[in-house]
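Contents: one structure, followed by commentary.
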Amino acid sequence: MSAITAGEKGNVMTVNGPVEPGALGRVLMHEHLHCDIFDWGAKKLLSEEKPITAERRAYLMTAAVPYLKPCNEHDCFGFLEVTPAPWRAWPTFYAEAAKAANMHIVLCTGFYRDVEQGTYWVKRPEDSIWPFVREAPVDQLADFCIREITEGVHGTEVRAGAIKLGSSQPEMTEPEKKALRAGARAQKATGVHITTHCTRIGAETAQLELFDKEGVDLSRVAIGHTAPHLMNPESRKTCLEWMKRGANFLPTNMSINEGNGDRWRPLVEAIHDVFDAGYGDHIAGFGLDWAFSSESGPFGPCIGQPPPFLHMYTHTLPAFRKMGLTPEEEEQIMAKSPQRILPVR
Ligand SMILES: [Zn+2]
């Protein structure tokens, strides 16, 4: 099995090859250009990635990609596609989209969580997690991730540059534990960072304890969807304890609706608190979790408020500035932290 070369260390592994971190400017750290999970017509979990159809390509080139290039006007040249296998677009599509949008796109390998029965698409136990994750031993799952990072995805030259993992509850399921152990081993073998799905308060500790036990340097981990964890004063203390040990936290889903802006005031206050404590550089970045997805119905725009992706610069950051987010905090979160975390170490 091939490995990361010395020349690649210190650079960000994008879909079009290694790039020096400064070229990224600001980065959107948790987005989904393509997350096709479930075939709602056939009522079937998608478990295999296939070359993109002309129809799907044309749709994304019209509905999604045009919103990336204007991000350049806000010094944003980096985009982390956090969709795990097997729900990504075909890898060469990302290479094409990156060129069309003048955006450095980083693709993830890795595995999604065990989704709770009765939520999203999960009506049958067998649809809660990718069968490969349920069935394969840890070593095989780790090898899958390592190959996608060091050799390429689906026989293409497009390589993954990060590892996406996740768990649903503070207590992980057995397949989730296997997936996280495999991802931890792939992290240590390759040096790319781990980004997670962690919506529940308490799940951050389960995830970080597992990574720590596996010997992962916690500064190579961004615990995702953690705006609630930071906004809650009690769980913020837990986050700060983990930050002291190196871990990073990534708030997401900060869409701004008419009149909901105030909802985020406690997050801006929490960010001040983390910076005052001296751990501002452990906020890994911001993400909208904007998605073109089929998680709740046929494939289409999902989760975020318009415009896709660009909303960070047209709505979220302007609202946060009004609430008192300082230029130093913004620069750390949008540029410095991502440029530290994304390169292969
Ligand atoms: Zn997401």
Side-chain angles (χ1 to χ4, degrees), residues 15 27-38 45-46 49 60 63-64 67-68 71 76 78-89 94 97 103 105-116 119-122 128-130 133 145 160-169 176 179-180 183 192-201 203-204 207 221-230 248-256 267 283-297 299-312 316 333 338 341-342:
V15 293
V27 182
L28 295 169
M29 285 290 272
H30 186 118
E31 310 301 334
H32 304 271
L33 197 51
H34 187 282
C35 187
D36 199 1
I37 300 169
F38 197 76
L45 187 71
L46 300 182
E49 287 167 348
L60 288 174
Y67 295 99
L68 292 175
C71 294
C76 171
F79 180 101
L80 182 55
E81 169 76 5
V82 293
T83 308
W87 299 331
R88 303 164 299 191
Y94 291 106
M103 185 64 74
I105 298 178
V106 176
L107 196 58
C108 283
T109 186
F111 314 104
Y112 201 55
R113 67 196 171 105
D114 216 340
V115 180
E116 298 95 333
T119 65
Y120 300 104
W121 62 91
V122 185
S128 68
I129 197 164
W130 188 18
V133 178
C145 295
I163 301 165
K164 171 71 178 288
L165 299 166
S167 57
S168 288
Q169 300 291 335
E176 285 173 344
L180 263 73
V192 304
H193 90 290
I194 291 171
T195 188
T196 78
H197 173 108
C198 178
T199 43
R200 297 300 169 105
I201 289 174
E204 77 295 331
Q207 293 184 359
V221 180
I223 302 293
H225 302 312
T226 41
H229 308 57
L230 293 169
N248 306 287
F249 288 79
L250 174 60
T252 67
N253 298 68
M254 293 93 71
S255 288
I256 306 294
L267 178 62
I283 297 174
F286 281 163
L288 290 171
D289 202 18
W290 232 102
F292 287 83
S293 164
S294 58
E295 72 170 28
S296 304
F299 187 83
C302 194
I303 300 174
Q305 291 292 316
F309 315 120
L310 183 60
H311 185 92
M312 178 66 77
T316 303
I333 293 168
I341 293 165
L342 283 165

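Ligands are counted one by one from 1 in listed order, and the atoms in each one are counted from 1 as well. The figures that follow rest on heavy atoms only: side chains count, while hydrogens, waters and symmetry mates do not.
Side chain of Tyr94 to main chain of Ala89: a donor-acceptor pair is present (N/O by atom type, distance under 3.5 Å, no hydrogens or angles). The main-chain N or O of Glu176 is never found under 3.5 Å from a side-chain atom of Ser167 such that the two would form a donor-acceptor pair. Checking side-chain atoms of Glu31 against main-chain N and O of Leu288 turns up a donor-acceptor pair under 3.5 Å.
Residues passing the ring-ring contact (aromatic ring centres under 6.0 Å, His included) test with His32 are His30, sequence neighbours excluded. Residues satisfying the side chain to side chain donor-acceptor pair (under 3.5 Å) criterion with Thr226, sequence neighbours excluded, are absent altogether.
The list of salt bridge (charged side-chain N to carboxylate O under 4.0 Å, His left out) pairs with a residue in residues 79-88, not counting sequence neighbours, reads Glu49-Arg88, Arg88-Glu148.
Listing protein N, O or S atoms at distances below 2.8 Å from the Zn ion (ligand 1), with waters left out, gives His30 NE2, His32 NE2, Asp289 OD1.
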